[in-house]
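For reference, the structure discussed in these notes is given below.
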Protein chains: 2
Amino acid sequence: METRRIDPVNCSVARALSVVGERWSLLIVREALDGARRFGEFHSRLGIARNLLATRLETLVTAGVMRRVPYQEPGDRQRFGYELTEQGRALRPTLVALLEWGDRYLADPQGPSVIVRHRPVDGTDSCDEPVKVVLECAAGHSHLAPDDICRTPGPGARFVEGP
Amino acid sequence: METRRIDPVNCSVARALSVVGERWSLLIVREALDGARRFGEFHSRLGIARNLLATRLETLVTAGVMRRVPYQEPGDRQRFGYELTEQGRALRPTLVALLEWGDRYLADPQGPSVIVRHRPVDGTDSCDEPVKVVLECAAGHSHLAPDDICRTPGPGARFVEGP
DNA sequence: CCATCTGAGTTGAAAAACTAAACTCACGAA
DNA sequence: TTCGTGAGTTTAGTTTTTCAACTCAGATGG
C-alpha cells in the first residue's frame, strides 16, 4: 500500500508563511499598500510595539518584500522610510482573499469597512467596481469552487511516507 | 486639511488574521484541505507540538473554521477528528494566493512542489489545468494588476485622524 | 483479570516572541 | 545652548511556543 504524500514541509505555503506569517507582517504590508511609508506611520496606525516594528521591517527588507528608502521633509534632515518592492505588492491578492474571507464570515454588523475597487493608480480606465478574488484555470474555467481543485506534485516535490 | 483614514484596526484583514493568523493555523487548514482528519495526522505531517495543536484546533473549531467529528475504526473505540466547515474551505483562495506568491518568490530551485489543478472532487468536467488566483471586478475586468485597485470605505468603516 | 497497545489529548518547565515604556541619537530650529 | 522631532534601541515583564513526558479510555491478548 503506497502512502506517499507530498512533503508538507517543503511547500511554498510554508515558505511564504515563514516570511509573512509572523504576527503583524501582513498588516504591515497592508498598511504599506495603503500608503504608509514611515516608521511612525506604521507604529501609530497599527499600535505595534516599536522594537517589534523595527524587527519586522528589517525581516521584510531582508526577504525582499520591502525596501528602505531615504526621504527628506523640507527643512528637516534625511530620514528613512519603507516601501513595498514588486514582490511585496504581489501580496495583494493574498490580502484581498483574506479581506474577502473576513468580510464574509467575521464582518462588522454594519458591513465591510473596506471595499476594494477597480481603480488604477494612474486614473485611466477606471470603472470603480468592487474587486473579487477568483480561481481560474489555464483552460479558462473561472470562478472555481474550493472543491473544484486538487493538489498535484510539481517538479520540486519531495515525498514522505505515512498517512 | 482632512487626514481621516479608514481605521486600520476595524478591518476584515485584521479580524481574519486574529482567527487564522497565528503560527500554524493556516498550515493546519492546508493539511485539512489535503485530507488530514485526525489529531495524529496533523501532528506528524506538520511537526507541531501536541499541546499547541490541541489549542489551535480548539480555536479553529470555536471560530467555525473546523468541526469536531466522531469517527470509529473497525475494532477500535470511537475517537474524534477534525474537518473543515464551509467557512474553512473558503480559505482556499487565500492559501492558493500564498502558494502562488511563495512559488514565484521563494521557490525551491527545482520548481514548485505543489501544483493546484482544476479537478472537481466528483471527477466531472475535469480539465486538469493549473489554477491561478486572479483579481476581477464586478464589471468583468479580469487579471487586474496589484496597482489597478484601491481601497474605499465600506458601510462598516470607522475613521481615525492622522497620517 | 490484568498487562499492553493505541491514539487523543494534558501537564509542566524552558526557550522564544511580544508588549510597553523609557531612553538614545542626529539634526534643524529657536 | 536648549528644545523638538522622528527613527530606532534598551530593558524589564508578560505571553506564546516548544519539547518531552504523562494521562486517559477503550480494545486486545494471555
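Below, read A as the first sequence line, B as the second, and so on, with proteins coming before strands; counting in each chain starts at 1.
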Leu135(A)-Leu144(B) co-clustered via ILVMFWY side chain contacts under 4.5 Å:
yes

Pick from Glu31(B), Glu83(B), Glu73(B): which one makes a salt bridge (charged side-chain N to carboxylate O under 4.0 Å, His left out) with Arg37(B)?
Glu83(B)

dC25(C) C1' sits how many Å from Phe80(A) CZ, rounded?
14 Å

Base contacts versus sugar-phosphate-only contacts with protein, heavy atoms under 4.0 Å: please encode nucleotides 13-19 of chain C as B, S and - from 5' to 3'.
-----SB

Taking the basic N atoms (NZ, or NE/NH1/NH2) and the acidic carboxylate oxygens, is any pair closer than 4.0 Å for Arg89(A) and Asp147(B)?
yes

Under a 4.5 Å cut-off applied to non-hydrogen side-chain atoms, are Gln87(A) and Arg67(A) in contact?
no

Can Asp34(A) and Arg45(A) be counted as an ion pair, charged N to O under 4.0 angstrom?
yes

When you group the ILVMFWY residues by side-chain heavy-atom contacts below 4.5 Å and let the links chain together, are Val19(A) and Val13(A) in the same group?
yes

Gap between atoms NE2 and C1', on His43(A) and dG6(D) respectively (whole Å)
11 Å

Apply side chain to side chain donor-acceptor pair (under 3.5 Å) to the pair Glu136(B) and His143(A), showing each step before the final yes or no.
CA-CA 10 Å; Glu136(B) 178 179 296; His143(A) 300 86; 3.0 Å; yes

Just to confirm, is there a sub-4.0 Å distance from OP1 or OP2 of dA7(D) to any side-chain nitrogen or oxygen of Tyr71(A)?
yes

Answer yes if the side chains of Glu100(A) and Tyr105(A) hold a donor-acceptor pair under 3.5 Å, and no otherwise.
no

Regarding Arg117(A) and Asp128(A), does a basic nitrogen lie under 4.0 Å from an acidic carboxylate oxygen?
no

Could you state the atom-to-atom distance from CD1 of Ile28(B) to P of dG9(C) in whole Å?
13 Å

Of all of residues 35-42 of chain A, which get a heavy atom below 4.0 angstrom from DNA chain D, listed by number?
Arg38(A), Phe39(A), Gly40(A)

Is a side-chain N or O of Ser25(B) found less than 3.5 angstrom from the main chain of Gly21(B), in a donor-acceptor match?
no

Do nucleotides 22-30 of chain D as a string where each nucleotide becomes B, S or -: B if the base has a protein heavy atom under 4.0 Å, S if just the sugar-phosphate does, - if no protein is that close.
---BSSS--

Angle between ring planes, His43(B) versus Phe39(B), binned at 30° and 60°: parallel, tilted or perpendicular?
parallel

May I have the distance from Leu53(B) (atom CG) to dT18(D) (atom C1'), rounded to whole angstrom?
13 Å

Mind calculating the distance between CD (Glu58(A)) and P (dG8(D)) to the nearest angstrom?
10 Å

